[in-house]
2 protein chains.
Amino acid sequence: MELLKKVEFVKKCPTSYVLAINDTLNAIQGKWKMPIIAVLLFGKKRFKEIEREIPKITPRMLSQELKDLEMNGIVKRTVYDTTPVTIEYEITPSGEQLHDVLEAMIRWGLAHRKSNVMKNLPVFK
Amino acid sequence: MELLKKVEFVKKCPTSYVLAINDTLNAIQGKWKMPIIAVLLFGKKRFKEIEREIPKITPRMLSQELKDLEMNGIVKRTVYDTTPVTIEYEITPSGEQLHDVLEAMIRWGLAHRKSNVMKNLPVFK
DNA sequence: CAGTATCCCCCCAGATACTG
DNA sequence: CAGTATCTGGGGGGATACTG
């Protein structure tokens, strides 16, 4: 769908579009969501594994964000009945579909940085 | 680029991708960025016009967000030498390219809501 | 291992009022 | 019109310690 048509659509039916964008934003927004999703795109991981792969994240934050992601259907949590229990986190099919969004974001980010229009962007964050 | 290749790429060259995603997130993240961008996609607007079109936004927030967007090269601010001065905000070409990201987000948001995997999403925000 | 529980600080953002 | 100034509360998120 091209821009003008979309704009027209938004005019006529704002709620569903705004809602959809909001859902997506909620899914990926927050300091640690993207890193966690990125890590899980490489496959199932356990709590400590994720923690180890994301520098500086605290268990408190990891726990909290994983709950969010689970509630939003991005991540699935499975408890295995071993002793002690093993718990694995994996990305859901729906979560995996986020790669389209990520690719669009990567493409825009690269192009935008190249176009050099940013006046005051920190090189690292 | 498909997922696996991207993942490989991320493994080899994490910084640029993470940076790009970060840039994009910074551009659109925040409570009022998307509404402002949406409004400006309809054309040039003045401060008060934007304020009127976005319910509940305060001048303080609008001013702040517009500055952010300008610094990030998403929005251009033009001062016209009338009396009193007229100031117009318009979206930049680079900002307009965000529609690819928006469309990806809309597509994912709609599909994800349809797939009904969300356990606890507020119907309205 | 897989998390909770507490404490605490900072800053985002709302309310309200004011200015060139 | 096009914003800025000031005050304020709530919560996101860090540090640290603890638990089944």
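We name chains A, B, ... by the order of the sequence lines, and we start the count at 1 in each one.
Distance from the side chain of A:R77 is smallest for C:dG3 among the nucleotides C:dC1, D:dC1, C:dG3.
Here B:D100 does not pair with A:R107 in a salt bridge; the nearest charged N to carboxylate O distance is not below 4.0 Å. No salt bridge links A:R46 with A:E88; every basic N to acidic carboxylate O contact stays at or beyond 4.0 Å.
Evaluation of the side-chain hydrogen bond (donor to acceptor under 3.5 Å, both in side chains) rule for B:T83 yields no partner, not counting sequence neighbours. Legend: residues meeting salt bridge (Lys or Arg N to Asp or Glu O under 4.0 Å) with A:K67, ordered by chain and number and at least two apart, are absent. Here B:E49 pairs with nothing under the salt bridge (Lys or Arg N to Asp or Glu O under 4.0 Å) rule; sequence neighbours left out. Taking B:T58 as the reference, nothing meets the side-chain hydrogen bond (donor to acceptor under 3.5 Å, both in side chains) condition, with sequence neighbours excluded. B:Q97 is linked by a side-chain hydrogen bond (donor to acceptor under 3.5 Å, both in side chains) to nothing, counting only residues two or more places apart in sequence or in another chain. The side chain to side chain contact (heavy atoms under 4.5 Å, CB included) check on A:I87 picks up A:R77, A:V79, A:Y89, with sequence neighbours excluded.
Nucleotide D:dG3 holds its P atom 6 Å from the CZ atom of B:F47, rounded to whole Å. Atom-to-atom, NZ of A:K48 to C1' of C:dC1 comes out at 8 Å; the value is rounded to the nearest Å. Separating the CD atom of B:E51 from the P atom of C:dT16 is a distance of 15 Å, rounded to the nearest angstrom. Rounded to an integer number of Å, the gap from CD1 of A:I54 to C1' of C:dA2 is 15 Å. A straight line from CG of A:L69 to P of C:dG3 spans 13 Å, rounded to a whole angstrom. For A:I50 and C:dG3, the CD1 to C1' distance is 12 Å, given to the nearest whole Å.
Sorted by first and then second residue, the pairs that involve residues 50-64 of chain B and meet salt bridge (Lys or Arg N to Asp or Glu O under 4.0 Å), not counting sequence neighbours, are B:K45-B:E53, B:K48-B:E51.
B:Y80 has no side-chain polar atom (N or O) that falls below the 4.0 Å cut-off from OP1 or OP2 of D:dC1. The phosphate of C:dC12 has neither OP1 nor OP2 within less than 4.0 Å of any side-chain N or O from B:K33. For the pair B:K67 and D:dT4, the criterion of a side-chain N or O lying under 4.0 Å from OP1 or OP2 is met.
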Next item on the list: State the dot-bracket string of DNA chain C. Criteria: Watson-Crick or G-U wobble, both atom distances under 3.5 angstrom; notation: ( ) intrastrand, [ ] crossing earlier pairs, | interstrand, . unpaired.
Entry: ||||||||||||||||||||

Notebook entry, point to check: How does protein reach along nucleotides 10-20 of chain D, written 5' to 3' as B (base within reach of a heavy atom under 4.0 Å), S (only sugar-phosphate), or - (no contact)?
Noted result: ---BBB-----

